[in-house]
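All values below were derived from every heavy atom in this structure, side-chain atoms included, with hydrogens, water molecules and symmetry-related copies excluded.
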Amino acid sequence: GAVEEIAAIGQLIGSNENSVYNEVPFTLRAGDVLALATDGLTEARQGSGSRRFWGIDGLARALQVETASLRAGQSLGEAARAIVKHAVDF
């Protein structure tokens, strides 16, 4: 399936009870998966001191693989761990 980035920037969700957030409207359909990630995941680096990041492209590739696995019966927890493993193995 396709991976679509919903461009949203701002403060970490839940980090401050007085935070104000912007709305970003989008539609989820049956079978869609909503994945939330922080920059800590996309900024995984390839080796110590590397300037090469896993990035949004790496996350998108991992999401494509793991959402296919979800449809084949993998649990959400297994999919989340597998996505983190993709970044660690980068």
Side-chain angles (χ1 to χ4, degrees):
V3 174
E4 179 182 343
E5 180 182 359
I6 300 168
I9 58 170
Q11 193 171 15
L12 178 66
I13 295 174
S15 65
N16 182 338
E17 66 182 72
N18 298 317
S19 294
V20 177
Y21 301 101
N22 297 322
E23 288 186 28
V24 179
F26 61 94
T27 302
L28 287 175
R29 293 180 178 77
D32 286 352
V33 175
L34 175 64
L36 305 176
T38 69
D39 58 358
L41 184 60
T42 58
E43 290 178 3
R45 293 179 188 230
Q46 190 177 46
S48 178
S50 173
R51 293 179 185 247
R52 186 162 178 234
F53 293 100
W54 191 49
I56 295 294
D57 291 339
L59 177 58
R61 285 189 300 274
L63 286 169
Q64 286 179 320
V65 168
E66 299 310 326
T67 54
S69 296
L70 280 172
R71 290 184 182 95
Q74 181 179 27
S75 74
L76 285 173
E78 290 169 328
R81 285 186 291 279
I83 288 168
V84 171
K85 185 170 181 348
H86 284 274
V88 169
D89 291 347
F90 168 69

Got a sec, which residues hit salt bridge (Lys or Arg N to Asp or Glu O under 4.0 Å) with Asp89, two or more places apart in sequence or on another chain? Lys85
Members besides [X] in its Ile/Leu/Val/Met/Phe/Trp/Tyr cluster (side-chain heavy atoms under 4.5 Å):
| X | answer |
| --- | --- |
| Ile6 | Val24, Phe26, Leu28, Leu34, Leu36 |
| Val88 | Val84 |
| Val3 | Leu41, Trp54, Leu59, Leu63, Ile83, Phe90 |

Note: Ala79 and Gln74 closest approach over all heavy atoms is N-NE2, 3.5 Å
Closest non-hydrogen atoms of Glu43 and Phe53, given as atom of the first, atom of the second and distance, are O-CD2, 3.2 Å
According to side chain to side chain donor-acceptor pair (under 3.5 Å), who are the partners of [X], at least two apart in sequence or on a separate chain?
| X | answer |
| --- | --- |
| Arg51 | none |
| Gln64 | none |
| Gln46 | Arg52 |

Which residue pairs satisfy the salt bridge (Lys or Arg N to Asp or Glu O under 4.0 Å) criterion with at least one member in residues 57-84, sequence neighbours excluded? none
Pairwise side chain to side chain donor-acceptor pair (under 3.5 Å) hits with a residue in residues 32-41, at least two apart: none
For residues 16-26, the side chain to side chain donor-acceptor pair (under 3.5 Å) pairs (sequence neighbours left out) are Gln11-Ser19
